[in-house]
*Asks:* 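Right, I'll just put the structure down here and ask away after.
Heavy atoms only: backbone and side chains are in, while hydrogens, waters and symmetry mates are out. Computed from a predicted model, the values in this text were never measured in an experiment.
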Amino acid sequence: VLGLLGTLVIVFYTPWINRFTWLCLFAPGTGFGLLMVNGTHYALVGQFSLAAFLVSISVFFLVNNLLLLNQFPDREADAESGRRHAVVSWGKARSAKIFNVFLALSYLPLVIGWVAGVLPPATALVLLLAPLAFVTGQGVEKSHADRQGLLRFMGFNVVLVNLMPLRVCPFIGKLSSHPPATGASLSRKLDGRAFHGIALTNGDVQFHQPVVDHFQILILIKRIKREP
């Protein structure tokens with residue numbers, strides 16, 4: 001189901017979704033955050049978890065912001081081509097405020113998960129990025145009408161989008177303490193192996209370095225499933 005939804009987002013984004021402001025605003029984060037993060041977790045352990053869901057909400061807002069900010073320089077060209085994203089429909093000043101709201105909301109699920117004990121203590125490391133997030137948000141507010149001035153903060157935003165999830169994923173460690181029976185045989189086949197920073201020991205997924213490409217994980221699973 002998640003794969004089907006992701007496919008629909010990809011197929012309909014250019015011809016249809018980007019002509020509806022709200023859909024265009026939330027579609028990127030839905031695909032890369034809610035669907036990809038939770039789908040990858042389910043593919044690995046055979047069940048969903050609150051920890052993965054909280055991380056996916058953070059990625060949801062971060063990726064929405066990534067595309068939103070990248071639309072600022074293209075406002076006029078996009079308007080002429082019929083696209084109706086937030087910057088075209090609501091203007092740069094209002095979109096800059098939306099950017100800051102999303103930036104603040106990207107921290108909320110991680111902090112809640114950390115305080116509640118759902119996410120590991122090392123999740124607090126994302127707070128080290130708060131000064132960069134503040135500078136980026138303020139810069140977007142002040143430079144939203146200045147194409148050249150905005151480029152610097154677009155770069156800062158790319159750093160945030162990449163570093164925030166990577167400060168959490170390597171420390172999640174055990175994605176599931178009790179994987180279901182359907183995943184047990186796969187766990188035994190994976191036991192002791194390593195692939196792009198991922199290893200399974202005694203059935204538990206361990207991240208030894210940041211996981212950058214979710215598709216690498218799925219390739220590993222398909223490869224192991226073919227073995228007798």
*Asks:* Around Y107, counting heavy atoms of other residues, nucleotides and ligands shown, do more than 12 lie under 6.0 Å from its OH?
*Replies:* yes
*Asks:* Return the CG to CZ distance between L62 and F32, rounded to the nearest 0.5 Å.
*Replies:* 13.0 Å
*Asks:* Cluster question for you: counting only ILVMFWY and a side-chain heavy-atom cut-off of under 4.5 Å, with indirect links fine, are L150 and F134 together?
*Replies:* no
*Asks:* Just verifying a value: how many Å separate I57 CD1 and L108 CG, rounded to the nearest 0.5 Å?
*Replies:* 8.5 Å
*Asks:* Heavy atoms only: give me the nearest L67-P28 pair and the separation to one decimal.
*Replies:* CD2-CG, 3.3 Å
*Asks:* Can you list the residues that meet the side chain to side chain contact (heavy atoms under 4.5 Å, CB included) rule with A86, with sequence neighbours excluded?
*Replies:* T21, L25, L68, W90, S95
*Asks:* To the nearest 0.5 Å, how far apart are CE in M164 and CG in L103?
*Replies:* 7.5 Å
*Asks:* Closer than 3.5 angstrom, by distance alone: can the side chain of H41 be matched with the main-chain N or O of Q47 as a donor-acceptor pair?
*Replies:* yes
*Asks:* Give the cluster check for I112 versus V55: same hydrophobic cluster or not, with ILVMFWY residues linked at side-chain heavy-atom distances below 4.5 Å.
*Replies:* yes
*Asks:* Which of parallel (below 30°), tilted (30 to 60°) and perpendicular (above 60°) describes F156 and F153?
*Replies:* perpendicular
*Asks:* For S81 and R19, work out which heavy atoms get closest and say how close.
*Replies:* O-NH1, 3.6 Å
*Asks:* CH2 of W22 to CZ of R84: how many Å apart, nearest 0.5 Å?
*Replies:* 14.0 Å
*Asks:* Measure the CZ-CZ distance between F26 and F61 for me, rounded to the nearest 0.5 Å.
*Replies:* 7.0 Å
*Asks:* Provide the closest heavy-atom pair for L160 versus T136 in the form atom of the first, atom of the second, distance.
*Replies:* CD1-OG1, 3.8 Å
*Asks:* Any pair with a residue in residues 67-81 that passes salt bridge (Lys or Arg N to Asp or Glu O under 4.0 Å), sequence neighbours left out, goes on the list, sorted by first then second residue, please.
*Replies:* D78-R83
*Asks:* Are any non-hydrogen side-chain atoms of T30 and L35 less than 4.5 angstrom apart?
*Replies:* yes
*Asks:* Do V37 and F60 make a side-chain contact, defined as non-hydrogen atoms from C-beta onward lying under 4.5 Å apart?
*Replies:* no
*Asks:* Could you go through the side-chain contact (heavy atoms from CB on, under 4.5 Å) check for M154 and L69 one step at a time?
*Replies:* CA-CA 7 Å; M154 291 174 67; L69 193 56; 3.8 Å; yes
*Asks:* Would a hydrophobic clustering, with Ile, Leu, Val, Met, Phe, Trp and Tyr connected at side-chain separations under 4.5 Å, put V161 with L127?
*Replies:* yes
*Asks:* Not counting sequence neighbours, which residues clear side chain to side chain contact (heavy atoms under 4.5 Å, CB included) with V158? List them please.
*Replies:* L66, N162
*Asks:* Donor-acceptor pairs under 3.5 Å, side chain of residues 138-145 to any protein atom, not counting sequence neighbours: which ones?
*Replies:*
{"residue": "E141", "atom": "OE2", "partner": "N100", "partner atom": "ND2", "Å": "3.4"}
{"residue": "S143", "atom": "OG", "partner": "G139", "partner atom": "O", "Å": "3.2"}

*Asks:* Checking side-chain contact (heavy atoms from CB on, under 4.5 Å) for the pair V111/V126: CA distance, chi angles, key distance, verdict?
*Replies:* CA-CA 9 Å; V111 172; V126 298; 5.5 Å; no
*Asks:* Listed by chain and number, what are the side chain to side chain contact (heavy atoms under 4.5 Å, CB included) partners of I17, not counting sequence neighbours?
*Replies:* F12, Y13, L23, A27
*Asks:* Which pairs, with at least one residue in residues 55-67 and sequence neighbours excluded, count as a side-chain hydrogen bond (donor to acceptor under 3.5 Å, both in side chains)?
*Replies:* N38-S56
